[in-house]
Amino acid sequence: DSVSHLVETATDDSTKAVQADIVKQLLTKAEGLFNDCIVIDDTIPGVWTNLALIEKKLGNIDKAIGHYQRSYQLNPKDAMMVYDLASVYFDQKDYTNAARYYGEFGDLDKANAEAAYINQAMAYQALGDYVSLEKSLDKVLESNPANAEIRYQRGVMYVRNASAPELRDS
C-alpha cells in the first residue's frame, strides 16, 4: 500500500525515480537475506542464482557472473540458471562462453532446445567459427526439422560462400 501511495502521489517526472528507488530498496533487502543464507549454508544454488539476478539488475555484471558460476558449480543441471548465465555472457559479447552455455541449456531443456541452439549459432557466427555454427544449425534442425528459416539461412550462407572471390578465382 505504501508503495502504491508513493507512486500515486508522485508527479510524472518523478514517478520513474520513485519506482527506481523502491526497486533498489527491495533488491537491497533481498540481497541482505540471501547473504544471510550464505553465512548459514553456502551450498544452496538458488541463493547464488538470486544474488546473480540482483547484481545483474544493479549493473554489476562481473559479480553476477561470479554468482552464476558458483550456482553452476553447485547445480549444473538448473536449466534456467544456465540460460541466464549464457545470456549474460552473450550481452557482454563473450561469445565463447555464451555458445557453451546456450548449448548446455539446449541439452538440458528439450522444450526450448531449438531457441537455445539458434542463440548458440548466433554466438558462433559472431565469433566467425563457421564449423561450430554449422553444428549448431544441425542441432536446430534436429530439434525442429521443419524450421524453414534455418534452411533458408543456410542456403544463403552457402551461396555467399560459393560466391567468395577466393573460390571464384581459384
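These figures come from a predicted structure and were not determined experimentally.
Between the side chain of Tyr117 and the backbone N or O of Asp107 there is at least one donor-acceptor pair closer than 3.5 Å. Side chain of Arg70 to main chain of Asp42: a donor-acceptor pair is present (N/O by atom type, distance under 3.5 Å, no hydrogens or angles). For Asn50 (side chain) and Gly46 (main-chain N/O), a donor-acceptor pair under 3.5 Å exists by modelled atom type.
Around the OH atom of Tyr152, the shell of radius 6.0 Å holds no more than 12 heavy atoms that belong to other residues, nucleotides or ligands.
When every heavy atom of Ala30 is checked against every heavy atom of Ile54, the shortest pair comes out as CB-CD1, 3.9 Å. Across every non-hydrogen atom of Leu108 and Pro76, the tightest pair is CD1-O, 3.5 Å.
Sorted by first and then second residue, the side-chain hydrogen bond (donor to acceptor under 3.5 Å, both in side chains) pairs involving residues 75-88 (not counting sequence neighbours) are Ser87-Tyr102.
Atom OG of Ser143 sits about 11.0 Å away from atom CG of Asp138, to the nearest 0.5 Å. Rounding to the nearest 0.5 Å gives a distance of 9.5 Å between OG1 of Thr49 and CZ of Phe34. If you take OH on Tyr95 and CG on Asp129, they are separated by 14.0 Å, rounding to the nearest 0.5 Å. Atom CG of Leu133 and atom CD of Gln120 lie 9.5 Å apart (nearest 0.5 Å). In this structure, CD1 in Ile65 is found 14.5 Å from OH in Tyr72, a value given to the nearest 0.5 Å. Atom CG in Asp36 sits 13.0 Å away from atom CG in Asp41 (nearest 0.5 Å).
Side-chain contact check for Glu134 versus Met157: some heavy-atom pair is nearer than 4.5 Å. Taking the side chain as every heavy atom from C-beta outward, Leu51 and Ile38 approach each other to under 4.5 Å.
In the hydrophobic cluster analysis, where Ile, Leu, Val, Met, Phe, Trp and Tyr join through side-chain heavy atoms closer than 4.5 angstrom, Leu53 is grouped apart from Ile44. Hydrophobic cluster membership differs between Val88 and Leu27, with clusters built from Ile, Leu, Val, Met, Phe, Trp and Tyr side chains linked at under 4.5 angstrom. Connection of Leu26 to Leu58 is not established within any shared hydrophobic cluster, with ILVMFWY side chains joined at heavy-atom distances below 4.5 Å, either directly or through further cluster members. The hydrophobic cluster containing Met122 also contains Phe105, counting ILVMFWY residues as joined when their side-chain heavy atoms lie under 4.5 angstrom apart, directly or transitively.
By the side chain to side chain contact (heavy atoms under 4.5 Å, CB included) test, Asn147 is found to be paired with Glu114, Ile118, Val140, Leu141, Asn144, Glu149, Ile150, residues two or more places apart in sequence or in another chain being considered.
Looking at Arg100 and Asp94, no side-chain N of the basic residue comes within less than 4.0 Å of a carboxylate O on the acidic one, giving no salt bridge.
With Leu85 as the partner, the side chain to side chain contact (heavy atoms under 4.5 Å, CB included) test is satisfied by one option alone out of Glu104, Met80, Gln69: Gln69.
Note on ring orientation: taking the six-membered ring where Trp is involved, the planes of His67 and Trp48 are tilted (angle from 30° to 60°).
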